Amino acid sequence: MNADGTDGADGAGSHVEVGEYARALHAEAQRANERRVLVLAGGPAATRERAHDAVDALSVGVSETTVVGPEDFLAGEHVGVRRAGELLGSTREVVVLDCHAECRPNALGRVVGVVDGGGLLVVLAPDVDAWPDVRDGFDEGMAVPPFSLDEVTGHFRRRLVALARAHRGVSVVDVDDPTEQGDSDGGRLVSDGRTNPPPAKPTPEPSAPADPRYPAAAYEACRTADQAEAVGALEALLDDDSAVVVSADRGRGKSSAAGLAAGALAARGDDVVVTASERRGSREVFERARELLDALDAAGEHAGEYDLRAADPGVSTDADAGGRVRFASLADVVDDPTDGDVLVVDEAATIPVRRLEATLDADRVAYATTVHGYEGTGRGFDVRFRGRLDDGAHAVVESKLVTPIRYAAGDPVEVWAFRALLLDARPPVDSLVADATPASVAYRELDADALLADEHLLREVFGSLVLAHYRTEPDDLARLLDAPNLSVRALIHDGHVACVALLAREGDLSADRRASMYEGGRVKGNMLPDVLTSQLRDERAAETVGYRVVRIATHHAVRRGGLASHLLAEIRAEVGDDVDWLGSGFGATPELVDFWRENGYGSVHLSTTRNDASGEYSAIVLDPTSDAGRALHDRHAEWFAERVPGVLSDALADCDPDVVRATLRACDADVDVDLSAAAWRTVVGASYGPGLFDVAPGPFRDLAVKHLVDPDDSAGALDAREERLLVERVLQARPWPAVADSLDYVSPGACMRALGDAVQPLVDAYGDADARRERERFAD
Ligand SMILES: CC(=O)SCCNC(=O)CCNC(=O)[C@H](O)C(C)(C)COP(=O)(O)OP(=O)(O)OC[C@H]1O[C@@H](n2cnc3c(N)ncnc32)[C@H](O)[C@@H]1OP(=O)(O)O
């Protein structure tokens with residue numbers, strides 16, 4: 001046996017002693033300041049025992065080792081698989097990820113992300129040849145009714161194993177394979193990931209700019225030259241109307257750079273507000289700010305450990321200087337982006353564009369954004385928000401960090417993880433699809449085999465889907481490849497993806513499942529039938545079957561060219577009447593609701609709570625494709641029109657009036673107006689005569705719903721401001737002064753008169769004989 005644990009014959013197929021091999025791999029990682037992965041494959045007991053041997057052989061020690069898995073078999077630090085995200089922001093030298101109970105791609109990404117340069121990740125897995133066909137806890141989540149677990153496939157893991165075997169830096173050892181020597185401490189080296197690298201080259205030393213405006217200590221705290229450059233770029237925040245974008249892949253130190261700048265600004269008395277989608281994610285900003293204030297001897301009494309749980313006061317300087325760095329939730333920042341002198345938006349890529357837009361009102365603002373991260377990312381910041389920033393009032397300074405902080409550039413484990421989890425997937429470059437039109441493209445159903453046969457296509461499909469959402473995670477890749485209810489349709493231009501849709505088959509549930517759903521039981525998947533059944537109380541909704549468009553995205557170079565409409569039409573033609581409906585549920589903006597309406601999808605619901613991440617209310621739309629689907633659509637459209645005044649004056653009272661207008665316009669229901677003579681006297685009185693809206697708002701609501709959902713041709717159009725007035729005052733019951741303010745009327749009185757004017761054409765169009773008689777009295 002050699003010192004590296006192999007039995008002489010180098011490379012795959014040879015026998016290895018696991019402890020020694022792990023030590024050799026770890027030593028190589030340390031020499032190169034890179035990470036290494038050791039996959040121990042076999043039965044749960046054997047792999048755990050060998051993992052113990054491996055960790056025992058390292059200098060790190062068992063108690064310093066983190067186990068991520070269902071149970072702690074090492075007596076080190078233990079974290080459950082679903083809680084692997086809690087490790088983010090921290091670093092570890094040795095981590096063991098136990099995949100026997102479940103292989104959760106998100107956990108794999110996160111765990112790779114926390115292993116330091118010079119560190120080792122040990123992955124415990126079933127026999128690698130059998131693994132793709134083993135169904136585990138993660139797979140169970142993909143078996144959404146009516147599909148069963150054996151309809152879930154193992155493509156993601158087959159690809160993962162193939163890439164683990166092929167990539168540098170990842171070793172696979174089969175520990176179930178007893179050796180000819182009968183040595184139970186060993187295993188068979190399936191693939192040898194050692195690379196025999198030269199020692200890591202020193203990277204350029206960080207240095208301050210020639211004429212620094214931040215204190216020297218801010219630059220001394222930097223770990224790489226890139227990071228010092230980013231801090232230099234953040235000096236622009238000393239000037240009014242400035243915006244700085246610091247972007248990098250994960251682990252390049254951009255949040256730390258933002259924290260150093262925040263500390264430097266606080267030291268001179270600025271009130272720095274830091275926001276992020278999760279408070280936890282901003283820890284690094286605060287830690288660096290606090291360290292800098294300490295180094296400058298400028299910290300006030302609140303400086304200390306940053307407390308992630310409490311309503312932490314953040315970090316302040318002493319009272320004289322009056323500076324501080326404090327956290328504010330995204331909701332608070334969206335509410336008032338100008339509260340504070342400087343705004344720092346951390347992990348901006350995880351924030352939906354609509355919320356980012358609010359931050360443009362801040363005078364001095366910095367965005368730290370991850371381009372590619374182990375936990376997945378969204379590209380809304382790059383693709384949809386960057387342009388807005390450049391067009392705005394700020395002078396924009398940009399800084400890109402390339403050099404990793406914690407491991408050498410070119411670390412093979414980073415390359416492997418990015419490829420295996422498709423973290424760097426992108427849509428095709430613009431020029432490849434710039435000429436795409438509905439006439440140039442081919443419609444294709446892309447099943448997992450088609451996607452796996454062409455890695456470029458897979459990358460383009462996944463990269464395009466990432467664009468359609470503020471956040472796509474590694475789990476989504478596994479679902480795309482293995483979940484029996486999901487499938488992909490795309491428009492291909494010259495071999496490249498111009499437009500793509502992800503479909504989920506939903507419904508067709510058994511009577512038992514439907515009853516359980518109706519009575520409040522949880523049924524996986526099936527989002528649209530679930531909402532219609534459990535919230536809207538329609539036990540028969542899940543009898544029908546349909547395709548929900550989970551995501552649809554057109555390449556940004558060819559938007560508004562009819563491609564998405566063409567794709568929806570092709571999908572409609574393909575499904576014929578094999579299913580009952582096509583549908584979707586999405587964060588409602590006026591443009592998106594219009595898009596669906598123009599494509600024949602009618603609205604049947606607007607959620608009563610905002611989506612946590614996007615801050616938007618979700619709309620549900622249906623396009624029936626069979627008689628049963630038509631019946632489902634019609635009864636929900638009618639029910640939506642009937643119940644909407646109640647919801648708008650209650651849970652949806654703060655919904656954007658343009659979202660309400662678009663959603664009601666998209667509702668394909670017949671609305672009758674049937675008011676009593678007394679009600680008409682009030683309405684006519686308030687519009688043509690001396691009466692008051694406030695004494696009986698009910699009849700005005702009926703008229704507003706009629707007009708916004710199902711207007712008669714004779715009614716004549718109200719302009720957008722008049723419709724907003726109907727929504728805000730009549731349907732959402734906002735007080736007169738608030739409505740006058742939001743719609744720019746000079747006074748509440750002017751707003752009242754405007755409402756009267758807006759109601760006149762409604763009286764003319766929808767009034768009955770009683771209304772007309774009453775109207776005559778105010779003829780002139
Ligand atoms: C379930 C979900 O995925 S909802 C989320 C949808 N996806 C996204 O938001 C991702 C980013 N956006 C996109 O990829 C695209 O803008 C899509 C998918 C929304 C639309 O794709 P496109 O190919 O541009 O749509 P298409 O050209 O067929 O548009 C048809 C109509 O939709 C409406 N529409 C589409 N985009 C917009 C927009 N930005 N503003 C206003 N109206 C719009 C218009 O009525 C348009 O018709 P018109 O151009 O004749 O006025």
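One-based numbering, in listed order, for ligands and for the atoms of each. Since we're looking at a predicted model, the values are computed, not measured.
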Of the protein's non-hydrogen atoms, which lies at the shortest distance from [atom], and what is that distance?
atom                    : answer
atom 32 (O) of ligand 1 : F595 CD1, 3.2 Å
atom 10 (C) of ligand 1 : A468 CA, 3.6 Å
atom 48 (P) of ligand 1 : R560 NH2, 3.6 Å

With heavy atoms of [X] as the reference, note each atom of ligand 1 found under 4.0 Å away.
X    : result
A553 : 14 (O)
G562 : 26 (P), 27 (O), 28 (O)
S565 : 26 (P), 28 (O), 29 (O), 30 (C)
S584 : 1 (C)

If we ignore angles and hydrogens, is there a donor and acceptor under 3.5 Å between the side chains of [X] and [Y]?
X    : Y    : value
R597 : S603 : no
H556 : D430 : yes
T369 : K254 : no
D482 : T153 : yes

Worksheet entry | Distance flag for atom 45 (O) of ligand 1, protein heavy atom under 4.0 Å |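 Looking at atom 45 (O) of ligand 1, one finds that a protein heavy atom does lie closer than 4.0 Å.
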Practice prompt. May I ask you to decide if L652's main-chain N or O and Q732's side chain share a donor-acceptor pair within less than 3.5 Å?
Written response: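 Yes, Q732 side chain to L652 backbone: donor-acceptor pair under 3.5 Å.
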Looking only at distance, does [X] have an N or O less than 3.5 Å from an N or O of ligand 1?
X    : answer
H566 : no
D594 : no
A564 : yes
G561 : yes

Evaluating non-hydrogen atoms only, which member of [options] is closest to [atom]?
atom                    : options                : value
atom 3 (O) of ligand 1  : L592, I552, T554, V549 : I552
atom 40 (N) of ligand 1 : E598, R597, R548, E591 : E591
atom 12 (N) of ligand 1 : R551, R559, H555       : R559

Worksheet item: Which class fits the ring pair Y367 and F381: parallel under 30°, tilted 30 to 60°, perpendicular over 60°?
Response: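 Because their plane-to-plane angle lies in the 30° to 60° range, the rings of Y367 and F381 count as tilted.
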Discussion item. A side-chain contact here means heavy atoms from C-beta on lying under 4.5 Å apart; do Y518 and D538 qualify?
Written reply: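 A side-chain contact under 4.5 Å is absent here.
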Discussion item. Give me the atom names and distance for the closest heavy-atom approach of V433 to H493.
Written reply: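 That would be CA-CD2, 3.9 Å.
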Worksheet item: Which atom pair, heavy atoms only, marks the closest approach of R665 to D594?
Response: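 Shortest heavy-atom separation between R665 and D594 comes out as NH2-OD1, 3.3 Å.
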Worksheet entry | Proximity of W581 and Y547 rings by center, below 6.0 Å |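 When the ring centroids of W581 and Y547 are compared, they turn out to be at least 6.0 Å apart.
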Worksheet item: Using heavy atoms and a threshold below 4.0 Å, how should the contact between F586 and ligand 1 be classified: side chain, backbone, both, or neither?
Response: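 It is the side chain that gets close, since no backbone atom is under 4.0 Å.
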Worksheet item: Between R386 and E398, is a salt bridge (Lys or Arg N to Asp or Glu O under 4.0 Å) present by the stated rule, with each step listed?
Response: CA-CA 11 Å; R386 258 325 297 269; E398 188 158 7; 3.0 Å; yes
Discussion item. With the threshold set at under 4.0 angstrom, would you say V550 reaches ligand 1 through any of its heavy atoms?
Written reply: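 Checking ligand 1 against V550, which is what was asked, there is a heavy-atom contact under 4.0 Å.
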